[in-house]
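First up is the structure itself, then whatever we jot down about it.
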Amino acid sequence: AAAPPPAPRRHRRLLPWAAAAALALLAAAASGWALVQRSQETSAAVRTAPPHRLHAPHAELAAKARQLAAAGDLLAAARTARLASDLAPHRGDLAELSRLLETEADGYRDERARQGEVELLLQSAQEARQAGRFREALAALTRAAELDPELPAVRELQRRVRNAHARQQALAERQSRAAPAVVDEPVVRRAATKPEPEPEPDWADLRVDLFSHLPRGVLTLYADGEQVLQQTFRFGKRTGVFRRQSGAGRLEARRRLRAGDAELRVYLSLPGRPAVSEALQATLAGGSTSVLRILVAEGGELQVRLD
């Protein structure tokens with residue numbers, strides 16, 4: 001008699017650490033840094049991986065990499081996963097996790113560098129605009145728009161610079177038409193007079209000094225409704241090779257603003273808390289330097305004063 005057909009083989013279930021890796025990748029995507037969706041490739045790599053067990057140090061590194069990815073710290077997660085893969089080269093699943101995290105870490109580095117360049121271009125455009133160098137300001141804003149075309153601050157500043165440039169050109173044209181003809185006159189020697197005092201500068205420096213008891217947040221500063229600063233901060237200190245302890249810290253920045261009366265408004269976004277804001281009226285003397293001191297309490301309360 002013919003032998004009965006063999007029973008269908010069941011696919012082996014994913015190992016517990018593989019499920020945890022998938023959850024960590026999904027958590028990182030929800031935090032704003034979407035990892036590459038390669039679930040089919042990852043599942044195939046897990047099914048074909050040799051059934052070797054991880055030694056305790058290797059397992060600890062793999063678990064740490066998944067925790068860091070879930071917390072959104074992609075750079076540290078990629079470094080940790082790469083070390084775990086190097087120590088256990090027989091694990092194809094660790095190599096795949098390391099590759100995915102390296103890809104996302106590279107994207108995060110590129111995004112951070114792009115945001116830093118955009119911020120520098122905005123600052124340069126602000127300074128050029130305040131000095132009346134509108135062509136230079138527009139060139140910097142054009143480059144910023146190429147890097148981040150969806151950023152509202154770039155479009156708004158472009159509009160302001162174009163309007164100011166148009167007003168400057170119209171004024172120069174009217175003055176040119178109204179200028180009197182030059183007539184040669186005899187030279188008359190006059191007694192030496194005291195030189196006129198130089199006019200007061202039309203700018204003022206503002207130094208921002210933030211001290212926060214909370215480790216993470218985003219600080220945004222407006223002057224008369226115009227955004228002049230947006231800075232993300234993350235404070236803490238390294239307590240081990242793969243450990244970092246969050247804590248209080250200080251952030252400092254400097255901006256050049258128009259002299260005169262201005263409304264300064266501070267916005268603070270904190271993870272897991274509602275955004276808070278404070279506003280104050282300031283008089284910025286031409287050529288002076290003022291200090292905007294910002295204190296963030298442990299409960300998220302915001303205190304602002306100008307010195």
Side-chain angles (χ1 to χ4, degrees), residues 111-165 167-168 200-212 216-235 249-270 275-296 302-307:
E111 176 66 15
R112 189 168 60 178
R114 183 181 66 83
Q115 290 178 350
E117 185 176 355
V118 169
E119 183 177 349
L120 290 176
L121 287 168
L122 284 173
Q123 181 178 352
S124 176
Q126 286 278 21
E127 293 175 355
R129 173 198 172 204
Q130 292 167 1
R133 303 191 304 271
F134 298 117
R135 294 183 185 275
E136 179 183 335
L138 286 172
L141 290 171
T142 299
R143 174 57 182 161
E146 292 173 355
L147 294 172
D148 194 346
E150 301 300 325
L151 188 62
V154 174
R155 297 196 299 271
E156 175 62 19
L157 190 53
Q158 280 181 320
R159 184 186 65 80
R160 291 172 179 263
V161 171
R162 289 194 183 102
N163 291 341
H165 192 199
R167 290 194 298 269
Q168 183 190 59
E200 184 180 85
D202 61 354
W203 54 264
D205 284 336
L206 180 68
R207 186 163 63 87
V208 179
D209 182 6
L210 175 142
F211 183 83
S212 174
R216 298 174 58 188
V218 180
L219 171 67
T220 307
L221 175 63
Y222 291 86
D224 286 335
E226 180 179 325
Q227 179 179 310
V228 296
L229 173 66
Q230 185 175 65
Q231 184 70 49
T232 301
F233 60 87
R234 182 173 184 177
F235 304 131
R250 171 170 266 108
L251 168 69
E252 294 183 338
R254 182 182 290 269
R255 291 292 185 271
R256 177 159 288 185
L257 308 178
R258 292 188 299 272
D261 295 334
E263 181 191 55
L264 302 178
R265 182 171 293 275
V266 177
Y267 284 89
L268 189 67
S269 299
L270 301 169
V276 292
S277 68
E278 286 289 339
L280 55 82
Q281 295 294 328
T283 299
L284 306 175
S288 66
T289 298
S290 303
V291 182
L292 180 64
R293 303 193 186 276
I294 304 170
L295 175 64
V296 183
L302 185 64
Q303 298 181 18
V304 180
R305 80 170 191 267
L306 186 69
D307 294 338

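In this text the structure is predicted, and so the values were computed from the model without any measurement.
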Step-by-step side-chain contact (heavy atoms from CB on, under 4.5 Å) determination, Leu268 to Val296
CA-CA 9 Å; Leu268 189 67; Val296 183; 3.3 Å; yes
Between Leu210 and Leu295, is there a side-chain heavy-atom distance shorter than 4.5 Å?
no
Could you measure the distance from the CG atom of Leu122 to the CZ atom of Arg255? Nearest 0.5 Å is fine.
9.0 Å
Answer whether the closest heavy-atom distance between the side chains of Leu147 and Leu121 falls below 4.5 Å.
yes
Does a side chain donor of either Gln126 or Glu226 reach within less than 3.5 Å of an acceptor in the other side chain?
yes
Sequence neighbours excluded, the answer for side chain to side chain donor-acceptor pair (under 3.5 Å) partners of Asp209 is Arg250, Arg293
Identify the heavy atoms of Ala279 and Glu263 that sit nearest to each other, and give their distance.
CB-OE2, 4.3 Å
Where Pro201 and Gly287 come nearest, the two heavy atoms and their spacing
CB-N, 3.9 Å
From Thr220, Val218, Leu219, residue fulfilling side chain to side chain contact (heavy atoms under 4.5 Å, CB included) relative to Thr232:
Val218
Residue Gln303 excluded, over 12 heavy atoms near CD under 6.0 Å:
no
Side chain Thr142, main chain Leu138, donor-acceptor under 3.5 Å:
yes
Going by the side chain to side chain contact (heavy atoms under 4.5 Å, CB included) test, name the single residue among Val291, Leu264, Thr289 that passes it with Leu206.
Leu264
Shortest non-hydrogen contact between Ala204 and Leu284, atoms and distance:
CB-CB, 3.7 Å
Run the side-chain contact (heavy atoms from CB on, under 4.5 Å) test on Leu251 and Ser212 for me, step by step, so that the C-alpha distance in whole Å, both residues' side-chain angles and the decisive distance to 0.1 Å come before the verdict.
CA-CA 8 Å; Leu251 168 69; Ser212 174; over 6 Å; no
Is the closest side-chain heavy-atom distance between Leu229 and Gln231 below 4.5 Å?
yes
Kindly compute the distance separating CZ (Arg143) from CG (Leu120), expressed to the nearest 0.5 Å.
12.0 Å
In terms of heavy-atom contacts, Ala259 and Ala285 come closest through CB-C, 4.2 Å
Could you tell me the separation between the CD atom of Glu127 and the CD atom of Glu136, rounded to the nearest 0.5 Å?
9.0 Å
Of all heavy-atom pairs between Arg129 and Phe134, which one has the smallest distance, and what is that distance?
O-CE2, 3.8 Å
Of all heavy-atom pairs between Ala223 and Leu257, which one has the smallest distance, and what is that distance?
CB-CD1, 4.3 Å
Distance from Arg254 atom CZ to Arg207 atom CZ, nearest 0.5 Å?
6.5 Å
So, taking the atom named CD in Glu252 and the one named CZ in Phe233, what distance separates them when rounded to the nearest 0.5 Å?
14.0 Å
Under a 4.5 Å cut-off applied to non-hydrogen side-chain atoms, are Leu280 and Leu292 in contact?
yes
I'd like to know whether Arg258 forms a side-chain contact (heavy atoms from CB on, under 4.5 Å) with Gln130, so could you lay out the CA-CA distance, the side-chain angles of the two residues, the decisive distance to 0.1 Å, and finally the verdict.
CA-CA 7 Å; Arg258 292 188 299 272; Gln130 292 167 1; 4.2 Å; yes
Gln227 CD to Leu157 CG distance, which is reported to the nearest 0.5 Å
10.0 Å
